[in-house]
2 protein chains.
Amino acid sequence: MSTSFTERTIEYDKLLADFKALLKEKALKFTNQREKILETLYYSQEHLTPEALHQLIKEKYPELNAGIATIYRTLSMLEDNNIVSSLSFGAQGKKYELGAKDHHDHMICTKCGEITEFVDDVIEDQQHKIAEKFGFKMQDHSMQIYGICKKCQDN
Amino acid sequence: MSTSFTERTIEYDKLLADFKALLKEKALKFTNQREKILETLYYSQEHLTPEALHQLIKEKYPELNAGIATIYRTLSMLEDNNIVSSLSFGAQGKKYELGAKDHHDHMICTKCGEITEFVDDVIEDQQHKIAEKFGFKMQDHSMQIYGICKKCQDN
DNA sequence: TATGGTTTGATAAACAGTCTCATTATCTCT
DNA sequence: AGAGATAATGAGACTGTTTATCAAACCATA
């Protein structure tokens, strides 16, 4: 089986350069806030809520005085440009992660909340086939497996 | 490919009897509101938001005078007991459907919000294999394909 | 049908996310 | 580097969804 963990597939410098190019292309401005948001997402191994990201940035760059609205605005912009992707959790909102990885799915432990990523070629293939069959123009897809992770089973 | 639509797998009378048994078992009461909520979910072919469900019930049973809080409370209770399941839409809330169907996945139009159900054996199989590989004890799984449906592509 | 615990509707409150707008920052052109 | 044009920002008001509170109504049981 081709299932495997995902890894960062891009250096931060390259990501930043691409981001700057994108901003220029769209006549958007490269601001301190946008840089720090991108950087914080890059160096975080976790899936972050906008609120959590806001906290991290306030701690690391208090002088920036970044507002929560800017976090939301920037995350939306990054998602529109496929730089980050989000996972929905119903009333509990969304969590964001840098999309500069291969597409992947999630396995979520219902006990400890840990999220494990994986990529599976068979599933990726099949999703395309299904969308095609229904005449659906696929934009995105997500799959979650819920259960108890190995660690929690042992405790 | 084995992809196909799903159908109701239970008669309403049986569902109602099961529901009454569950309530008794948990020392909960069988109320008019709970009955109408279950019934409305059963006879609706759609995935409903709590708000939409509330509207339907107000139209059909105005004398019930059902409050929105009761809709939320009952949906949570039904979900806890695996009688309904929900789909998340980020800030746009959740949509609920009766779980008394075979397991199935969802294809969601990001333009009109229409939800199409499907079952695919290849995907079901693969999910089990993946969970096994990671030593994960699978409890549930879900898959969503987001895109533009045929109807919306034509408009 | 009396009793006691449960459920209810109304409404207040919490919450996430969006919008507005005056101020500040960035970019471009010179 | 400076100026002008324009985009981005932070603060906080606002929206829509979901939850909590509580007195009154209801249901199951005896």
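Residue numbering restarts at 1 for every chain, and letters A, B, ... go by the order of the sequence lines. This structure is a prediction, so every number in the text was calculated from the model and none was measured.
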Nearest-Å distance, NZ (A/Lys58) to C1' (D/dA11)?
-> 13 Å
D/dT6 C1' sits how many Å from A/Leu23 CG, rounded?
-> 15 Å
Taking the side chain from B/Ser44 and the backbone from B/Thr40, do they hold a donor-acceptor pair closer than 3.5 Å?
-> no
Under 4.5 Å between any side-chain heavy atoms of A/Ile108 and A/Tyr146, yes or no?
-> yes
Between P of D/dA25 and CG of B/Asn65, the distance in whole Å = 13 Å
B/Ile57 CD1 to C/dT8 P, straight-line distance once rounded to whole Å | 11 Å
Rounded to the nearest angstrom, tell me the gap between atom NE2 in A/His54 and atom C1' in D/dT9.
-> 12 Å
OP1 or OP2 of D/dT18 less than 4.0 angstrom from a side-chain nitrogen or oxygen of B/Tyr72, does that happen here?
-> yes
Return the residues of residues 26-34 of chain B meeting this criterion: a heavy atom under 4.0 Å from some atom of DNA chain D. Order them by number, or give none.
-> B/Lys29, B/Phe30
Between B/Asp18 and B/Lys14, does at least one N-O distance fall below 4.0 Å, as a salt bridge requires?
-> yes
Aromatic rings B/Phe30 and B/Phe19: how do their planes relate, parallel, tilted or perpendicular, breaks at 30° and 60°?
-> perpendicular
Paired with B/Arg34, the side-chain contact (heavy atoms from CB on, under 4.5 Å) test is passed by just one of B/Leu78, B/Thr70, B/Leu28, namely B/Leu28
Would you mind reading off the distance between A/Glu35 atom CD and C/dT26 atom P, rounded to a whole angstrom?
-> 11 Å
Checking A/Asn81 side chain against A/Ile83 main chain: does a donor-acceptor pair fall under 3.5 Å?
-> no
Evaluate the criterion side-chain hydrogen bond (donor to acceptor under 3.5 Å, both in side chains) for residue pair B/Gln144 and B/His106; output intermediate values, then yes/no.
-> CA-CA 5 Å; B/Gln144 297 83 239; B/His106 297 96; 5.4 Å; no
What's the NZ-C1' distance between B/Lys94 and C/dC15, to the nearest Å?
-> 14 Å
Residue from B/Glu79, B/Glu97, B/Lys95 passing side chain to side chain donor-acceptor pair (under 3.5 Å) with B/Ser86 = B/Glu79
Rounded to whole angstroms, how far apart are CD1 on A/Ile68 and P on C/dG17?
-> 9 Å
Between the side chains of B/Tyr61 and B/Glu35, does any donor sit under 3.5 Å from an acceptor?
-> no
Just report the end-to-end axis angle for the helix from C/dT1-D/dA30 to C/dT30-D/dA1, five pairs per end, to 10 degrees.
-> 40°
Which nucleotide in D/dT29, D/dT19, C/dT28 has an atom nearest any side-chain atom of A/Lys24 = C/dT28
Closest to the A/Thr70 side chain: D/dT19, D/dG10, C/dT28?
-> D/dG10
When all nucleic acid strands are considered with a 4.0 Å heavy-atom cut-off, which category describes A/Ile71: base, sugar-phosphate, or nothing?
-> nothing
Once the angle between the rings of A/Tyr12 and A/Tyr43 is folded into 0 to 90°, is it parallel (under 30°), tilted (30 to 60°) or perpendicular (over 60°)?
-> tilted
Parallel, tilted or perpendicular: which describes the rings of B/His128 and B/His141, with under 30° parallel and over 60° perpendicular?
-> perpendicular
Atom pairs under 3.5 Å: protein N/O with N/O of nucleotides 20-24 of chain C:
| from | atom 1 | to | atom 2 | distance (Å) |
| --- | --- | --- | --- | --- |
| C/dT20 | O4 | A/Arg73 | NH1 | 3.4 |

Hey, any chance A/Leu22 and A/Leu38 share a hydrophobic cluster, counting ILVMFWY side chains that come within less than 4.5 Å of each other, even indirectly?
-> yes
